[in-house]
Amino acid sequence: MTQLHVVDHALLAHRLAELRDAATPSPRFRRLLAEIGAILTLEATRALPSRTARITTPLMEMDHQVLAAPEPVLVAVLRAGLGLMEGGMQVLPEAPVGHVGLVRDEHTLKPSQYMLRMPPEVRSRGAILFDPMLATGGSAVAAVQRVKEAGAPSLRFVCVVAAPEGVARLSAAHPDVPIYTAALDEKLDHRGFIVPGLGDAGDRCFGTVE
Ligand SMILES: O=P(O)(O)OC[C@H]1O[C@H](OP(=O)(O)OP(=O)(O)O)[C@H](O)[C@@H]1O
Ligand SMILES: O=c1cc[nH]c(=O)[nH]1
Ligand SMILES: [Mg+2]
C-alpha cells in the first residue's frame, strides 16, 4: 500500500504560493523549484537508516547517529524534474545522479522516452525520483519502471503538485513507492493539466512556450 506524504511546512507552502502564481518569471520559478526540492528531499530522507558511530568532539568522545549507507541516487525526470532535483543535490551533494527523459503527448497524454542515463550505484542504493507534476501518472509510472529495471532496490517519488488521478495510478502500479508532495490538488482538466496546479512546469522552468 503506497504511502502518500503531503508535506506540511509553512516555508514550503509560502514558496508554493509564489511558484503557482502566473506572474512568477522563469528565473524566479527555477529558484523556487530548487528550494522546494531541498525541503521535500529533507522530508523524503527523514528516516534513512542510521547507525551509531564513535566520534570525538574537542571536549570528549561520544556516540552519534550517522548514515548507515551511502546517499541514495537522485534521478530527474526531464525536463521539469531538473529544477526540482537541483534542491535535492544541495541536500545530498555526494549522491550520484541519473536522468530519465520523458515527454507527454499533448493529445494522447501518453509519455514517450527520449533518453535514459543511470549511474551504476542505482543497483546497490535506493533512488529518489524528482518530477514536479504528478498529473495522469503516466510519466511517473514509466519513470519508476525504468529506474526499477535499472536495478534500484528501493525508490521514493518526490513531486510538488499531485492530482488524485496520478496518485491513484502510481499507487496501483507501484504500491511500494512512497510519494512526497507539497500539495494534493483537486483534479485534472480536459487537457490533462492539474487544477488549480501551476501550468506547464517544464515551460515555466525553462522559458519555453508550446
Ligand atoms: O502525469 P502525467 O500526465 O504523465 O504528466 C506529468 C508530466 O508532464 C510534465 O512533463 P512534460 O511531458 O510536459 O515534459 P517537460 O518536463 O519537458 O515539459 C511533467 O513534468 C511530468 O513529467
Ligand atoms: O498540470 C500539468 C500537467 C502535466 N504537466 C505539467 O507540467 N503540468
Ligand atoms: Mg511540459
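What you see below is based on every heavy atom in this structure, not just the backbone, and it leaves out hydrogens, waters and symmetry mates. Sequence positions, counted from 1, serve as the residue numbers for this chain. Start at 1 and go down the list; that is how both ligands and their atoms are numbered.
- If you look at Asp200 and ask which of its N, O or S atoms sits nearest the Mg ion (ligand 3), the answer is OD1.
- At under 3.5 Å, a nitrogen or oxygen of Ala80, whether backbone or side chain, sits near a nitrogen or oxygen of ligand 1.
- Around ligand 2, the residues contributing at least one heavy atom under 4.0 Å from the ligand are Arg104, Met133, Ala135, Gly192, Phe193, Ile194, Gly199, Asp200, Ala201.
- There is no path of hydrophobic side-chain contacts, each under 4.5 Å, that joins Val160 to Leu184.
- Note on Tyr114 and Val144: separate hydrophobic clusters, where clusters join Ile, Leu, Val, Met, Phe, Trp and Tyr whose side-chain heavy atoms are under 4.5 Å apart, directly or indirectly.
- Residues forming a salt bridge (charged side-chain N to carboxylate O under 4.0 Å, His left out) with Asp63 (at least two apart in sequence, or on another chain): Arg54.
- Residues Leu78 and Val100 do not share a hydrophobic cluster, clusters being chains of Ile/Leu/Val/Met/Phe/Trp/Tyr side chains in contact below 4.5 Å.
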Side-chain donor-acceptor pairs of residues 117-135 under 3.5 Å, sequence neighbours excluded:
residue : atom : partner : partner atom : Å
Ser124  : OG   : Glu121  : O            : 3.3
Arg125  : NH1  : Glu71   : O            : 2.7
Asp131  : OD1  : Met133  : N            : 3.2

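- Contact annotation for Ala201 and ligand 1: no heavy atom of the residue comes within less than 4.0 Å of the ligand.
- No path of Ile, Leu, Val, Met, Phe, Trp and Tyr side chains, each step under 4.5 Å between heavy atoms, connects Val147 with Leu92, placing them in separate hydrophobic clusters.
- Counting only non-hydrogen atoms, the option in Ser139, Gly166, Gly137 that gets closest to atom 1 (O) of ligand 1 is Gly137.
- Between the Arg28 side chain and the Leu19 main chain, no donor and acceptor come within less than 3.5 Å of each other.
- Between Ala140 and ligand 1, no pair of N/O atoms sits closer than 3.5 Å.
- Under the 3.5 Å distance criterion, the side-chain polar atoms of Asp185 are left unmatched by any main-chain donor or acceptor of Lys187.
- Between the Thr181 side chain and the Val6 main chain, no donor and acceptor come within less than 3.5 Å of each other.
- Listed by atom number, the atoms of ligand 1 under 4.0 Å from Met133 heavy atoms are 6 (C), 19 (C), 21 (C).
- Here the shortest heavy-atom distance to atom 20 (O) of ligand 1, taken over Thr208, Ile194, Thr136, Asp131, belongs to Asp131.
- For Asp200, every heavy-atom contact with ligand 1 shorter than 4.0 Å involves the side chain, none the backbone.
- Under 2.8 Å from the Mg ion (ligand 3) lies no N/O/S atom of Asp203, from backbone or side chain alike.
- Applying the salt bridge (Lys or Arg N to Asp or Glu O under 4.0 Å) test to pairs two or more places apart or on separate chains, those with a residue in residues 148-164 are Arg146-Glu149, Lys148-Asp176.
- Close N/O approach between Asp203 and ligand 1 is not found [any backbone or side-chain N/O within under 3.5 Å].
- Taking distance alone, with nitrogen or oxygen atoms compared against 3.5 Å, Arg104 approaches ligand 1 more closely than that limit.
- Side chains of Thr136 and Glu165: a donor-acceptor N/O pair is absent below 3.5 angstrom, by distance only.
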